[in-house]
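Down below is the structure, laid out as structure tokens.
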Protein chains: 2
Amino acid sequence: MLINELAKKTGISVHTIRFYEKSGLISGHRDPMVKSNNYFHYDDVVVEKLELIRDAKSIGFTISEIAQLIEAWYDEQLSLDEKLKVLDAKLESIDEKITQLKAMRKLLKVFRKDIINGDC
Amino acid sequence: MLINELAKKTGISVHTIRFYEKSGLISGHRDPMVKSNNYFHYDDVVVEKLELIRDAKSIGFTISEIAQLIEAWYDEQLSLDEKLKVLDAKLESIDEKITQLKAMRKLLKVFRKDIINGDC
DNA sequence: AGCAACCATAGACTATACTCTAATGTTGTT
DNA sequence: AACAACATTAGAGTATAGTCTATGGTTGCT
């Protein structure tokens, strides 16, 4: 599919997709048979990657963290050990974020009780 | 205390503290008695606020979200209802983030198993 | 052939959140 | 009095992550 269809399918704008491509997160490919234009084509793996990007972004991962994750996920060159290293680091940072979020939730809940009781 | 001491106490740089002050998250006050300089003084509430800012930032809250939270926490003018509204919105967004993080953790754990089994 | 809708690239612009520099004045110690 | 270490403001610079504009070429439909 071409970029416009990809954008419609993922809900991510053409501009943003191009930005992600320039950042190395995804890549389209040209058809060497076609000489009349230089259009890029994108397959279903790119759709998958863009969905992963959206999910990873929503939990606060940066572009370069997502790049690592995608490399671990899709790069056949990378060794098992290197993949595990990236993965375990990400899992650890997720656990840390969950811990911090829970601490903040607890804090806010205590504060909520306090203001209802008129202590604040 | 003056800004330098505040920076040392919180581990947040003088520049960043000034940035937070300009953003309205905290505020120092001048001593009207002192005429020879225009130095700002900061109290322990500011230390508290800066610690809240650091915690809130680490879980991905933006400056303007933190501003709302600090307003709910410290602004006596704000009504109970308005405070609760802000607080409940923040609690909800925290729960949502935790849910998303857990989903991503699950995904990564499945992927981890797969690559160990050589399915990837 | 005409034309809307698409494609590509380069580069400008925006928002957020800092981070630093310059210029200038004050305080405290020797 | 000299001087380091601090204070202030204004404004410039950086990094991240987009978002948009301009320009020019291509495709598909009438």
Side-chain angles (χ1 to χ4, degrees), chain A residues 1-43 46-47 49-70 90 93 97 100, chain B residues 1-43 46 49-70 93 97 100:
Chain A
M1 80 193 83
L2 298 181
I3 198 161
N4 200 36
E5 198 184 335
L6 180 63
K8 273 168 192 155
K9 199 169 261 181
T10 60
I12 298 170
S13 80
V14 168
H15 283 305
T16 302
I17 290 171
R18 289 223 166 92
F19 170 70
Y20 289 154
E21 184 155 17
K22 225 171 38 179
S23 305
L25 297 186
I26 58 152
S27 52
H29 51 93
R30 284 184 167 131
D31 187 343
M33 295 295 117
V34 179
K35 298 283 185 186
S36 63
N37 68 40
N38 55 353
Y39 293 3
F40 285 101
H41 295 259
Y42 303 88
D43 55 24
V46 176
V47 176
K49 283 182 183 176
L50 286 174
E51 279 159 2
L52 176 63
I53 291 168
R54 194 185 14 225
D55 291 349
K57 277 203 56 55
S58 83
I59 61 168
F61 278 16
T62 64
I63 296 285
S64 79
E65 284 177 315
I66 297 171
Q68 286 172 19
L69 199 56
I70 285 181
K90 293 290 164 279
S93 85
K97 277 182 191 175
Q100 288 173 330
Chain B
M1 80 194 83
L2 299 181
I3 198 160
N4 202 35
E5 198 184 334
L6 180 63
K8 272 168 191 152
K9 198 169 260 183
T10 58
I12 296 171
S13 80
V14 169
H15 283 306
T16 302
I17 290 171
R18 289 225 166 89
F19 169 71
Y20 289 153
E21 185 156 17
K22 226 172 36 178
S23 306
L25 298 186
I26 58 153
S27 51
H29 52 92
R30 285 183 166 130
D31 188 342
M33 296 294 118
V34 180
K35 298 283 185 187
S36 64
N37 68 39
N38 55 352
Y39 293 3
F40 285 101
H41 296 259
Y42 303 88
D43 56 22
V46 176
K49 283 182 183 176
L50 285 173
E51 279 158 3
L52 177 64
I53 290 167
R54 195 185 11 226
D55 290 349
K57 276 201 55 57
S58 82
I59 60 167
F61 278 17
T62 64
I63 297 286
S64 80
E65 284 176 316
I66 296 169
Q68 286 174 19
L69 199 55
I70 286 181
S93 86
K97 277 181 189 177
Q100 288 173 330

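In the text below, chain A, chain B and the rest are named by the order of the sequence lines, each starting its count at 1. These numbers come from the heavy atoms of this one structure, side chains and all, not from hydrogens, waters or symmetry mates. Just so you know, these numbers come straight off a predicted model, no measurement behind them.
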Listed nucleotide nearest any side-chain atom of Ile63(B), set dA17(C), dT21(C), dC7(C):
dA17(C)

Separation of atom CD in Glu5(A) from atom P in dA5(C), rounded to whole Å
18 Å

Under a 3.5 Å distance rule, please check whether Arg54(A) uses its side chain to pair with a backbone N or O of Thr10(A) as donor and acceptor.
yes

From CD1 of Ile53(A) across to P of dG18(D) the rounded distance in Å is 9 Å

Could you tell me the separation between the CZ atom of Phe19(B) and the P atom of dT16(C), rounded to a whole number of Å?
10 Å

Could you pull out all residues at least two apart from Thr62(A) that satisfy side-chain contact (heavy atoms from CB on, under 4.5 Å)?
Ser64(A), Glu65(A)

Using only side-chain N and O atoms of Thr16(B), determine if any of them is under 4.0 Å from OP1 or OP2 of dA17(C).
no

Kindly list each side-chain donor-acceptor pair under 3.5 angstrom involving residues 35-43 of chain A, sequence neighbours excluded, with atom names and distances?
unit_1   : atom_1 : unit_2   : atom_2 : d
Asn37(A) : OD1    : Tyr39(A) : N      : 3.1
Tyr42(A) : OH     : Glu21(A) : OE1    : 2.7
Asp43(A) : OD1    : Val45(A) : N      : 3.2
Asp43(A) : OD1    : Val46(A) : N      : 3.3

Listed in order of residue number, which residues of residues 26-36 of chain B have a non-hydrogen atom at under 4.0 Å from DNA chain D?
Arg30(B)

Nearest whole Å is fine: how far is dG11(C) P from Arg18(A) CZ?
16 Å

Compare side-chain N and O positions of Lys57(A) against OP1 and OP2 of dG18(D) and report whether any pair is under 4.0 Å apart.
yes

Verify, without hydrogens or angle tests, whether Lys9(B) (side chain) and Met1(B) (backbone) share a donor-acceptor contact under 3.5 angstrom.
no

Tell me whether the OP1 or OP2 atom of dC6(D) has a side-chain N or O from Asn4(B) closer than 4.0 Å.
yes

Atom-to-atom span, CG of Asn38(B) to P of dC6(D) - whole angstrom:
17 Å

State, with a plain yes or no, whether a side-chain heavy atom of Tyr20(A) is found less than 4.5 Å away from one of Ile66(A).
no

Mind checking whether Gln68(A) and Lys90(A) have side chains closer than 4.5 Å, heavy atoms only?
yes

Gap separating the CG atom of Leu25(A) from the CD1 atom of Ile70(A), nearest 0.5 angstrom:
5.0 Å

Taking the side chain of Phe40(B) as its heavy atoms from C-beta onward, which of dT9(C), dT9(D), dA7(D) lies nearest to it?
dT9(D)

Among dT27(D), dG18(D), dT19(C), the one nearest any side-chain atom of Asn37(A) is dT27(D)

How is Ser23(A) classified with respect to the nucleic acid when contacts are heavy atoms under 4.0 Å: base, sugar-phosphate, or nothing?
nothing

Just the rounded figure in Å: distance from P of dC20(D) to CD1 of Ile17(A).
14 Å

Using 0.5 Å steps for rounding, measure from the CG atom of Leu69(A) to the CG atom of Leu52(A).
5.5 Å

Toward the 5' end of DNA chain D, by each residue's nearest nucleotide, His15(B) or Ile3(B):
Ile3(B)

Whole Å only: how far is the CD atom of Glu21(A) from the C1' atom of dA17(D)?
17 Å

Examine dC18(C): is either OP1 or OP2 under 4.0 Å from a nitrogen or oxygen in the side chain of Tyr20(B)? Give yes or no.
yes

Name the nucleic acid region contacted by Ser13(B), choosing base, sugar-phosphate or nothing; use a 4.0 angstrom heavy-atom cut-off, strictly under.
nothing

Kindly say if Tyr39(B) contacts the phosphate of dG25(C), meaning a side-chain N or O under 4.0 Å from OP1 or OP2.
no

Grab the NZ-P distance between Lys22(A) and dA10(C) for me, whole Å please.
8 Å

